[in-house]
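Let me begin by presenting the structure, written as C-alpha cells, before commenting on it.
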Number of protein chains: 2
Amino acid sequence: MNADPVASGCTDVLRDDLGWALGVVFRSYARAASAAFSDVPGGPRGYQVLAAAARSQPGSQQELAGHLGVDRTVMTYLLDDLERAGLIERRPDPADRRARRIAATGRGQDLLGDLDERLRAAEAGVLGGLGAEGDRAAFRELLARLASHVNALDPVSDACSLAPGATASP
Amino acid sequence: MNADPVASGCTDVLRDDLGWALGVVFRSYARAASAAFSDVPGGPRGYQVLAAAARSQPGSQQELAGHLGVDRTVMTYLLDDLERAGLIERRPDPADRRARRIAATGRGQDLLGDLDERLRAAEAGVLGGLGAEGDRAAFRELLARLASHVNALDPVSDACSLAPGATASP
DNA sequence: TATTGTTATACTCTATAACTATA
DNA sequence: TATAGTTATAGAGTATAACAATA
C-alpha cells in the first residue's frame with residue numbers, strides 16, 4: 001500500500017528546497033518543544049538559558065544572548081522571568097562590576113533534570129520520521145557539525161564563548 | 001576565572017541540543033536566503049510562492065499557505081505584493097468562483113530562473129560547513145525525508161496538494 | 001570613549017475576527 | 001450552513017535608541 005504520499009510518486013515541488021525542508025522541520029520542532037516546555041518561562045529558550053547556566057559558565061549575558069541568537073535586550077526580559085520563577089540568579093561578577101554572572105538555583109537544577117527527559121521525548125517524536133536509528137544518529141551528527149561550523153564563522157556568536165579557557169577570540 | 005567545567009577542547013554545552021543546532025542552521029539559512037532574495041517581494045517566501053506557482057498547480061491560496069506554513073491572511077498580503085510586482089497573477093477558478101488560481105507571469109518565470117541560481121549559491125554557502133560533498137548530499141537527503149514525513153503527518157499541510165504539475169527534478 | 005545591562009519605544013510579523021461572495 | 005478570500009485590528013516577538021554604571 002502507498003500510505004506515504006511522497007513515496008508513492010507524489011513528488012513535491014518544494015521537497016528539494018532546503019529552505020522549505022528546514023522550515024518544516026524547524027517549525028515542527030518548535031511546536032513540540034514549546035509544548036514540552038509550556039510551564040518554563042521563555043519556553044524552549046528558557047530551557048536553553050537554564051541549561052547553559054547550570055552546565056557551563058555562560059560568560060556575560062551578551063555572550064549568552066549571541067550564542068542563543070537573540071538580542072541582548074531580549075535576554076534581559078528572559079532572565080527577568082527565569083529569576084522571578086526562582087530558576088536562575090544574577091550574581092555580581094567580581095572581575096567586572098558591570099557584568100552579571102548567570103547561575104542556576106538548586107530549584108533550577110532540579111527542574112533541569114526533568115526538562116531533559118521531556119526534551120528527549122520531544123526530539124524523539126520529531127526524529128521519528130527517520131525510521132532507522134542509524135539515520136537519526138547520522139542526521140544529528142551532520143546537523144551538529146554544520147551548526148558548530150556556522151556558529152564558528154558567525155562573529156556574533158562564538159562557539160567557545162560558553163566554554164572559556166579553551167580558545168581565545170580575536 | 002574559574003576552571004572550565006566542560007574542559008578539554010572547546011566543547012559546546014548546547015552542541016548536542018537538537019533545538020540549538022536547528023536554530024543556528026535555520027537562522028543562518030534565513031539570513032543567506034533573505035540577502036539573496038532581497039529584491040523579491042516577500043523575500044524567501046515570495047520565492048517559494050513563485051516557484052510553486054510556476055512549477056505546480058498550487059490549488060487554492062489556502063493550500064499553498066498551509067504548505068508554506070503561514071496563515072491564509074498572510075498569503076493574501078504576500079500575493080498582493082507579488083502581483084503588484086507583476087510576478088504572479090490571480091486568475092478566477094472556473095470550477096469554484098470563490099477560489100483563485102495562482103499563476104506565474106512570464107516575467108515571474110524569467111526571474112525564477114535567476115532566483116534558482118542565487119538559491120543554489122546561498123545553499124552552497126550554508127552547507128559549506130560540511131566539508132565532503134557526500135556529507136552534504138546525505139544531509140539534504142535526510143532533511144528532505146524528515147520534512148516530507150513531518151509534512152505528511154501534519155493535517156494542516158498536505159504533501160500532495162501541490163503535486164500534480166510539471167515538476168522539475170534535478 | 002567603549003561596554004554591560006536596563007528601560008522605553010517602535011517596528012515587524014503573525015494571528016483573530018468580521019465581512020463578502022460564493023457553494 | 002460552510003468555505004475562499006479579503007480586510008481591519010490586536011497581539012507577540014523583536015529590534016532600536018537612550019540611559020546609568022563601570023571599564
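The structure displayed is predicted, hence computed values, not measured ones. Here is how names work: the chains are called A, B, and so on, in the same order as the sequence lines, proteins then strands, and each is numbered from 1.
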ring-ring contact (aromatic ring centres under 6.0 Å, His included) pairs touching residues 100-147 of chain B, sequence neighbours excluded, are A:Phe139-B:Phe139
Smallest heavy-atom separation, B:Gly46 atom then B:Val40 atom, equals C-CG1, 4.2 Å
Sequence neighbours left out, what passes side chain to side chain donor-acceptor pair (under 3.5 Å) with B:Ser34? Give chain and number order.
none
Under the rule for salt bridge (charged side-chain N to carboxylate O under 4.0 Å, His left out), what residues qualify as partners of B:Asp116, not counting sequence neighbours?
B:Arg55
Taking only nitrogen or oxygen atoms into account, show me every contact under 3.5 Å that the protein makes with nucleotides 4-7 of chain C, one pair per line with its distance.
residue : atom : partner  : partner atom : Å
C:dT4   : OP2  : A:Gln62  : NE2          : 2.8
C:dT4   : O5'  : A:Gln62  : NE2          : 3.1
C:dG5   : OP1  : A:Gln61  : N            : 3.1
C:dG5   : OP1  : A:Arg100 : N            : 3.3
C:dG5   : OP2  : A:Gln61  : N            : 3.3
C:dG5   : OP2  : A:Gln62  : N            : 3.1
C:dG5   : N7   : A:Arg72  : NH1          : 3.1
C:dT6   : OP1  : A:Arg90  : NH1          : 2.8
C:dT6   : OP2  : A:Gln61  : OE1          : 3.4
C:dT6   : OP2  : A:Gln61  : NE2          : 2.9
C:dT6   : OP2  : A:Thr76  : OG1          : 3.1
C:dT6   : OP2  : A:Arg90  : NH1          : 3.0

Run the side chain to side chain donor-acceptor pair (under 3.5 Å) test against B:Arg100 and tell me which residues pass, sequence neighbours left out.
none
Partner set under salt bridge (charged side-chain N to carboxylate O under 4.0 Å, His left out) for B:Asp80, not counting sequence neighbours:
B:Arg90
For A:Pro94 and A:Arg45, take the nucleotide of DNA chain D holding the closest heavy atom to each; which residue's nucleotide lies nearer the 5' end?
A:Arg45
All salt bridge (charged side-chain N to carboxylate O under 4.0 Å, His left out) counterparts of B:Asp96, not counting sequence neighbours
B:Arg98
According to side-chain contact (heavy atoms from CB on, under 4.5 Å), who are the partners of A:Ala65, at least two apart in sequence or on a separate chain?
A:Val70, A:Met75
Give me the first and last nucleotide of DNA chain D, going 5' to 3', that has any atom under 4.0 Å from a heavy atom of chain A.
D:dT14 to D:dA23
Contact check, residues 36-43 of chain B vs DNA chain C, heavy-atom distance under 4.0 Å, returns none
Contacts of B:Val25 that satisfy side-chain contact (heavy atoms from CB on, under 4.5 Å) - sequence neighbours left out:
A:Leu22, A:Leu143, A:Leu146, A:Ala147
Check salt bridge (charged side-chain N to carboxylate O under 4.0 Å, His left out) between B:Glu133 and all other residues, then give those that pass, not counting sequence neighbours.
B:Arg136
